[in-house]
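First up is the structure itself, then whatever we jot down about it.
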Amino acid sequence: MYFQRHPTRIGFIFFFIFFLLILFIIKLSLIQVFRSSYLADKAEKQHNHVVDLEPRRGTIYDRDLRSLALNVAAYSLFANPKAMKAEQKEEAVRQVASVLGVSGEEIARKLDKPKSFIWLARKMPQDQYERLKGIKLHGLGFIKESKRFYPNGELAAHVMGFANIDNVGLQGVELEFDKYLHGTKGVAQFLRDARQRDLMIEKDFIAPKDGSDVVLTIDETIQFIAEKALDKAFQKYNAASACVIVLNPKTGEVLAFANRPTFRPDAPDKSSPESRTNRAVAFTYEPGSVFKIVTATGALEEGITNEDEVFFCENGKYLVGNHILKDAHPKGRLTFRQVIEQSSNIGTVKVAQRLGADKVYEYAHRYRFGQKTNIGMTGEVGGILKPTSRWSKTSIGAVPIGQEVTVTAVQLATAIAAVANDGVMMKPYFIKYVKAPNGMITEENKPQVIGRVMKSETSRRLRSILQGVIDVGTAQMAKIKDIPAGGKTGTAQKVVNGTYSHSKFVASFIGFAPVDDPKLAVVISVDEPHPAYYGGVVAGPVFREVVEDSLKYLAGKKGL
Amino acid sequence: MKVSDFLKVMFVITFTAVLYIHLQMSIYDLAYQGKKKEDTVEKLAENNVMMKNDILRLKSADHIGRELLEKEKDYKFASRSNVVEVETTGGNPISGLLAFAKF
């Protein structure tokens, strides 16, 4: 009845409702048809959270699988300045600056930036994180990352190198094997609730591929022994630099390798570029008397002399070309054995003159002087060995005693290792193998023969002569109780302003032990030691300490 | 369609919808619980990592070597002449240790 009495009113209400319905349909169409992709994207961004999954960077091990470098969790502090009020920023400056050890101004400057995300501290030490994690300030938060951890501190720093804050290798093994170590990032997409909290509901997941592990030939204990002994000489003699290399002469494996000055791999920015330089492969120097093993090898191998032949050492002065060659301690008549034991320059040059320049060069070349050893370390240089066509009239009086020729410490190590290894030169290497996360070995180095420098019999004779250097010669400070060892000292004058200095020397010792069945070949080189500068005095004791402790350790390792 | 049939259909549809929503909420509830457990696991893992780091650093050759050298300047590796092998009877580890201690 009402409807019949008020048709206009009813019609108007009906039309109004119908109009509203049309509006709803239009709005729904706009949302679900025309703006659907835009709104869907917006919802996707709000509710989905894409996270990069950092792979585990590979671990670097020593030969016995003791960790030398590995990744550990570390927290980084970030801020969202746009979301912070002024008083929150002030509070952040007050609480954070003192813990991080930076000035308040620096924190304030970062928080003043009109950004949604800034780092306040990357990969903090654990103690800083423990002190800061209780802070509940709006706009501050922590992100868990990983950083490189070196449990041994500076040990084997020049071998391992270091990685930067983003776990990218910058030097040493960290750089050269970065492609194996760094792995591949993964990605995961999580659902997020209205409060932007991640829920454990994965929508997409690509697993990260962890990096491969690298196993070195380095023995952590022998490395420590070598570095401790080297530190003593480096500090005692106020040297400019020093290095030590320990090889297994039978295989060429590098058991220890160190330079001084050194650096902390976990804080390379706190060290100078000089301390990060790998001098043992990158610096060359005139080796001095250690080079006499070349002439000795040639003389014995060619049969031009024997251990007991007597040479007159001119009482300390001998004219070669237009140059007067001198001995540090004038000698008269010495056997060839004594020439090497007492390191007579004149005796050695007389033998070299008999051998001939071409043969001296040939044996130096057999020892691979003038060529890189290809040990696999970045920055290696090959040194200088002039062909005889470029020798002067006085070169025959210089090259055999280690002048007019430059070498690296690693070349000397390889050379003395060849003497110890029955005359067979092995290629030095420091990477044992690379192991993928699934356990498969993807790259492996095995002992590799470079060539034969001398016959086995010559090696035996030369080892006997070099034993005399330690027993009765210039290296008596290298003598080891109950362990027969052999070697050669070197006290090389450095060239300063084009002339040989009388105050700057490189003190070296190259040696091996035990003589009959050498297990270790060692090179020690100390640059500008003072006040003492003789190789036998400065480097000899280092050899003794390194070899004595290392052989005892190796004997204990193999069992009683 | 009769009203009763319509109501039956609506009941089934509504029940199914409510059940679906309940299951969805359960999933989210489990996700929140999983998130709490994840926080606990993360804390445990964090402690584990800190302990592992400390263990690695303490057992490193560098740390052990320096500690021993600080305490005893004459520290040396034992040579064969410093070590005596003790033979025990019956393979009893305790008697072996006692025999070594007496020596």
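Chain identifiers are assigned alphabetically (A, B, ...) following the order of the sequence lines, protein sequences preceding nucleic acid strands; residue numbering begins at 1 within each chain. Side chains included, hydrogens not; waters and symmetry mates left out as well; all remaining heavy atoms used.
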Q: Show the numbers, then the answer: is there a side-chain contact (heavy atoms from CB on, under 4.5 Å) between K52(B) and L70(A)?
A: CA-CA 11 Å; K52(B) 182 185 168 187; L70(A) 66 157; 4.0 Å; yes

Q) Considering residues at least two apart in sequence or located in another chain, which fulfil the side-chain contact (heavy atoms from CB on, under 4.5 Å) criterion with D231(A)? A) Q235(A), R260(A)

Hey, could you give me the [atom1]/[atom2] distance between [X] and [Y], rounded to the nearest 0.5 Å?
X: F149(A); Y: L56(B); atom1: CZ; atom2: CG; result: 6.0 Å
X: S67(A); Y: R57(B); atom1: OG; atom2: CZ; result: 14.5 Å
X: S60(B); Y: Y150(A); atom1: OG; atom2: OH; result: 14.5 Å
X: E42(B); Y: K144(A); atom1: CD; atom2: NZ; result: 4.5 Å

Q: Report yes or no: does N152(A) contribute a side-chain atom to a donor-acceptor pair with the main-chain N or O of D62(B) at less than 3.5 Å?
A: yes

Can you tell which part of [X] gets under 4.5 Å to a heavy atom of chain B, answering side chain, backbone, both or neither?
X: L68(A); answer: neither
X: I225(A); answer: side chain
X: K481(A); answer: neither

Q | Partner set under ring pair (Phe, Tyr, Trp, His ring centres under 6.0 Å) for Y28(B), not counting sequence neighbours | A | none

Q) By number, which residues in residues 213-222 of chain A have some heavy atom less than 4.5 Å away from chain B? A) E220(A), T221(A)

Q. For R544(A), what residues pass the side chain to side chain donor-acceptor pair (under 3.5 Å) criterion, not counting sequence neighbours?
A. none

**Q.** Exceeds 12 heavy-atom contacts within 6.0 angstrom, atom NZ of K133(A)
**A.** yes

